[in-house]
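Note that ligands are numbered from 1 as they come in the structure, with each ligand's atoms numbered from 1 the same way.
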Amino acid sequence: MTHASRLLEWYDRHRRTLPWRALPGDSPDPYPVWLSEIMLQQTTVATVGDYFRRFIDRWPTIQALAAAPLDDVLSAWAGLGYYARARNLHACARVVADTYGGCFPQDEASLLALPGIGRYTAAAIRAIAFDQPASAVDGNVERVIARLFAIESPLPDAKLEIATRAAALVPRQRAGDYAQAMMDLGATVCIASNPRCVICPLVSACQGRSLGIAEDLPRRAPKRVKPTRRGLAFVLSRRDGAILLRKRPSEGLLGGMDEVPSSAWREGALRTEQALAEAPVPARWQILDGLVRHTFTHFHLELAVARATATTERLAMLAPGTSWCTLDRMSERALPTVMRKVIAHAVK
Ligand code: SF4
């Protein structure tokens, strides 16, 4: 019996029920396949579930998503992080709706040319949505393959060997089920700590398990230490509690999202005088106790928070690109998690 047939037999009995997954015997719809794969990048299944349902309820087709204003998509995405994905999601929906009549292309080159679709996502769409024998290797699958073949060289150097081994296992029949079976195995059985080898359909073939090193794999090269940047966030409240927000530039980190204005984020100690000089408007700024901490892909952020009360509406006019938002309407704005933390810190 091949690895693939063992895995498919296991999948037929133990497949997870997921909101974006077609039921056995049903043809998968590429739209939810693509949407879920984009949402699942860097995010867990548990977190994605509610977001996915909300997106599908609000935009049931890719044409509907393409027709939505970008701001609506960004605010529906708020909290999922990595906001460039949301902008690319929207751009991709537009290309698929406008150029491909709402139907995803099926070949690798055309999929890779779409915004936000890299090698992994293209392979996942080809396999799951179109049942093509494409090899989709994410972190979970890397772990399974490294253990199955006892690949001891560390990541990222081991990526090519893992990808080659993974591709050789993909069956020509039921490639979509096989891709999802691999994902399920990595998520529920071959988990990072304490892999559940006794219930694993691949246990008799697993070299990592027989050498007693499975749990230590995959090995990883030591990570570079992330730098810490620091800044001062300015929470300006109106008498009715509304807070001054501004829109970030459309390119770069958190591009196009709303934010509480802040000084530049710099490495090294926060220089309060310098930071206060970057306040969006002149006011009696009071620096609050405590810090707001957040971690991005490439750096940690520590924000001190300054608060002031606006005595006149006109203050907002001094700061171009800003607007007022009352607390009960914050959920409608495209506020990234770090900015929600800043507001919570300032109004507690
Ligand atoms: Fe992972 Fe254990 Fe299965 Fe090997 S036997 S693939 S280590 S769960």
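- A cation-pi contact, defined as under 6.0 Å to the ring centre and within 45° of the axis, is absent between Arg85 and Tyr82.
- In this structure, Phe130 has no ring pair (Phe, Tyr, Trp, His ring centres under 6.0 Å) partners at least two apart in sequence or on a different chain.
- Only protein N, O or S atoms were scored, and 1 of them lie under 2.8 Å from atom 2 (Fe) of ligand 1.
- Aromatic rings from Trp34 and Phe104 are positioned such that their centres are separated by under 6.0 Å.
- Cation-pi contact between Arg248 and Trp265: present, with separation from the ring centre below 6.0 Å and deviation from the ring axis of at most 45°.
- Between Phe296 and Phe299, the gap from one ring centroid to the other is short of 6.0 Å.
- Within the 3.5 Å criterion, the main-chain N or O of Cys190 finds a donor-acceptor partner in the side chain of Arg143.
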